[in-house]
Structures are given as C-alpha cells and as structure tokens.
Amino acid sequence: MSKFLLVLHVLAVIVGLGPVMVASSMFPSVLRRATTGADAAGARGALGVLNRICRVYAAISIAVPVFGFGLASMHGGMGKPWLIASIILTVVAAGVLVFLLPAQQSALEALGGGPAAEAAPAEGGAATATATAEAVSPGRLAMLAGIFNLLWVVVAVLMIVRP
C-alpha cells in the first residue's frame, strides 16, 4: 500500500503541479505579446488557455498534499523537520497561487478574454484594455510564478534529500 501511495503522490506532482508551473511561467511573456499588439488576438487566446490550465490543474494538484499526508502518517514521519519544512513551503506556495490566479484572471479580463469582459464589455476600446492589463504587470506575474516554482523545487529537494 505504501508504494502504491508513493506512486500516486509522485504522479499527482507530475500531472497536477507540472502544468501549473509551466503555464504560470509562460503567462507573463504571452501577456506582454498581447499588450504590445504583436499577434494580440492569438496571444489573447493563448492567455485564456494558460489561465484555464493553471486553474484546472491547481485544483487537481490538491491531491499532492493529500497523498503526501497519507504517506507521512503511514511512515510515522509527521514530526521530522524536513517534512514540517515541506508542509510549510507547500502552504506558502498555495498562498502564492491564491494571488497568482486572480491576477492572471484580471489581466485576461482586461484584455477582453475573460468571462467578466464578455458579459460587460469595456467602453474604452483596446487602449483601455491595454492600460488595464498593464496595471496587472507581467513582471509581477512572472515574479509570483517564479516564487511558486522555486518553492516547489525546494520542496522536491527536501523530499529527495531528507536532511
């Protein structure tokens, strides 16, 4: 049972977190393309796909700590410092994602690609959408994605090395 749970935990990391890490990292550069006008329509479509990947796979990645807690309790390692540090970093990463996903959604809606923008289009045209999208800085989104990814890299190192 332990090996089966470990396989599920690792698969949940690969299938759940991998797409979120990649899509969240790609989002800022595609947002820059969408606001500069270079293939803006294609970039807006790509932003919608990247945001959806982040939202859907973030929900799927909830399985990672669920299986992780199952493994830890099965092996009696809940009090080990490396595991406590991993749990704390996982909570921090989830907190970063809580800021990242709405910021992505705001940028998408400002460009006219989100559900709120479709329901009530802005009256300012493309200039207003671009100005609003730039208020959600691609640099800020890149920073949040980088922090999110770095936290998970540290968690992975802690899980493998077990200092």
Side-chain angles (χ1 to χ4, degrees), residues 1-35 43-111 113-116 132-163:
M1 180 66 171
S2 174
K3 292 201 186 284
F4 179 69
L5 202 53
L6 178 61
V7 167
L8 289 177
H9 180 62
V10 171
L11 285 175
V13 169
I14 293 168
V15 172
L17 284 175
V20 177
M21 293 172 75
V22 171
S24 66
S25 295
M26 292 175 63
F27 194 94
S29 64
V30 176
L31 178 61
R32 283 186 193 97
R33 273 198 339 236
T35 57
R44 285 185 185 116
L47 285 173
V49 170
L50 292 171
N51 178 254
R52 184 164 177 88
I53 288 169
C54 287
R55 287 185 291 120
V56 169
Y57 284 92
I60 292 171
S61 68
I62 293 171
V64 173
V66 169
F67 293 134
F69 277 118
L71 275 170
S73 64
M74 190 178 288
H75 291 281
M78 290 298 282
K80 295 184 178 172
W82 64 269
L83 187 59
I84 293 169
S86 295
I87 292 168
I88 291 168
L89 293 173
T90 298
V91 170
V92 172
V96 170
L97 198 58
V98 165
F99 288 106
L100 180 63
L101 292 177
Q104 284 182 348
Q105 190 66 35
S106 295
L108 187 60
E109 288 171 357
L111 289 169
T132 309
E134 294 209 1
V136 180
S137 164
R140 180 174 179 263
L141 291 172
M143 177 192 69
L144 289 171
I147 291 169
F148 177 76
N149 292 343
L150 181 62
L151 288 167
W152 280 112
V153 168
V154 172
V155 169
V157 169
L158 286 172
M159 292 288 157
I160 294 167
V161 175
R162 298 179 183 187

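If you read the sequence from its start, that first residue is 1, and numbering goes on from there. For the numbers below, each heavy atom of this structure counts, side chains included, while hydrogens, waters and symmetry mates do not. Here the structure is a predicted model, which means the values were calculated and not measured.
- Annotation: side chain of Trp152 is in contact with side chain of Thr90 (closest heavy-atom distance under 4.5 Å).
- No side-chain heavy atom of Phe67 sits less than 4.5 Å from a side-chain heavy atom of Val13.
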(request) For Val20 and Phe148, run side chain to side chain contact (heavy atoms under 4.5 Å, CB included): C-alpha distance rounded to whole Å, both residues' side-chain angles, the deciding distance at 0.1 Å, then the answer. (result) CA-CA 10 Å; Val20 177; Phe148 177 76; 3.7 Å; yes
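- Rounding to the nearest 0.5 angstrom, the gap separating the OH atom in Tyr57 from the CG atom in Leu17 is 12.0 Å.
- Summarising the geometry of Leu108 relative to Gly48, their closest heavy-atom pair is CD1-N, 3.7 Å, with the distance given to 0.1 Å.
- In this structure, Ser29 and Arg33 have side chains that are not in contact, with every pair of non-hydrogen atoms separated by 4.5 Å or more.
- The shortest non-hydrogen separation linking Gly70 to Ser73 is O-OG, 3.1 Å.
- Residues Val136 and Gln104 have side chains not in contact (no heavy-atom distance under 4.5 Å, counting atoms from C-beta outward).
- Side chains of Leu111 and Leu31 form a contact here, defined as non-hydrogen atoms less than 4.5 Å apart.
- You'll find the side chain of Ile147 stays beyond 4.5 Å of the side chain of Leu100, heavy atoms only.
- Here CD1 of Ile53 is found 14.5 Å from CE of Met21. Values are rounded to the nearest 0.5 Å.
- A pairwise comparison of heavy atoms in Asn149 and Ser25 identifies ND2-OG, 2.7 Å as the closest pair.
- Using a 4.5 Å heavy-atom cutoff, the side chains of Leu8 and Phe4 are in contact.
- Taken to the nearest 0.5 Å, the CZ atom of Phe69 stands 5.0 Å off from the CE atom of Met78.
- The two atoms that bring Gln105 and Asn51 nearest to each other are OE1-OD1, 2.7 Å, heavy atoms only.
- Taking CG from Leu144 and CZ from Phe99, the interatomic distance works out to 8.5 Å, rounded to the nearest 0.5 Å.
- Of all heavy-atom pairs spanning Leu71 and His9, the tightest one is CD1-CB, 3.8 Å.
- Note that CG of Leu158 is 12.0 Å distant from CD1 of Ile84, once rounded to the nearest 0.5 Å.
- Here the shortest heavy-atom pairing between Ala72 and Leu83 reads CB-CD2, 3.4 Å.
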